[in-house]
Amino acid sequence: MFLYYPMLLISAVLFIISERFLCFGDGILVWGLINFGDHFFYTIKDRKRSLGLFSGVLFLINSVLGIRCFLLSQTFSLFPIIVGVIIGGILFGLPIALCVVVYPVFDKYFR
């Protein structure tokens, strides 16, 4: 959790600071879709509710409404969507990769 939130917060702040960083806002919306998909997949696969499914549904609603607003806005263009998909993938995948790398360190000291 502590690896996801700083990255999402930085992306949100960049989006709020300037319209030039619109792709970071799109990236957060894409991350929300991926987050829901991940929890939904594991709920089906494991046949029990994933712990993050409820928050994933909230992120899904937020992402669908946000993407809808963006598609209907004056600032819509394909470039921020493409870059947003890449950023969303990074926002989802990088913390997982960092957990894999950092976990042995935490396991060693906090066992």
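Since the model is a prediction, treat every value here as computed from it, not as a measurement. Here, residue 1 is the first one in the sequence, and each next residue gets the next number.
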Within this structure, what is the CG-CZ distance for the pair Leu91 and Phe24, rounded to the nearest 0.5 Å? 8.0 Å
Would Ile86 and Leu8 show up in the same hydrophobic cluster when neighbours are defined by side-chain heavy atoms closer than 4.5 Å? yes
Mind checking the CG-CG spacing from Leu14 to Leu22? Nearest 0.5 Å is all I need. 12.0 Å
Do Ile10 and Tyr5 belong to the same hydrophobic cluster, where Ile, Leu, Val, Met, Phe, Trp and Tyr are linked whenever their side-chain heavy atoms lie under 4.5 Å apart, directly or via other members? yes
Does Phe70 CZ have over 12 foreign heavy atoms under 6.0 Å away? yes
Side chains of residues 51-69: which donor-acceptor pairs under 3.5 Å do they make with residues two or more places apart or in other chains?
unit_1: Ser55; atom_1: OG; unit_2: Gly52; atom_2: O; d: 3.1
unit_1: Ser63; atom_1: OG; unit_2: Leu29; atom_2: O; d: 2.7
unit_1: Ser63; atom_1: OG; unit_2: Phe59; atom_2: O; d: 2.9

Apply side chain to side chain contact (heavy atoms under 4.5 Å, CB included) to the pair Ile81 and Phe76, showing each step before the final yes or no. CA-CA 8 Å; Ile81 291 282; Phe76 172 74; 4.0 Å; yes
Donor-acceptor list for residues 32-47 side chains, cut-off 3.5 Å, not counting sequence neighbours:
unit_1: His39; atom_1: ND1; unit_2: Ser50; atom_2: OG; d: 2.8
unit_1: Thr43; atom_1: OG1; unit_2: His39; atom_2: O; d: 2.8
unit_1: Thr43; atom_1: OG1; unit_2: Ser50; atom_2: N; d: 3.0

Indicate yes or no: at least one non-hydrogen side-chain atom of Asp26 is less than 4.5 angstrom from one of Ile87. no
Cluster link Leu71 to Phe15, ILVMFWY, side chain under 4.5 Å: yes
Is Val13 reachable from Ile28 through a run of I, L, V, M, F, W or Y residues, each pair having side-chain heavy atoms under 4.5 Å apart? no
Let me confirm one number: the CZ-OG distance from Phe21 to Ser11, rounded to the nearest 0.5 Å. 10.5 Å
Under a 4.5 Å cut-off applied to non-hydrogen side-chain atoms, are Leu98 and Tyr4 in contact? no
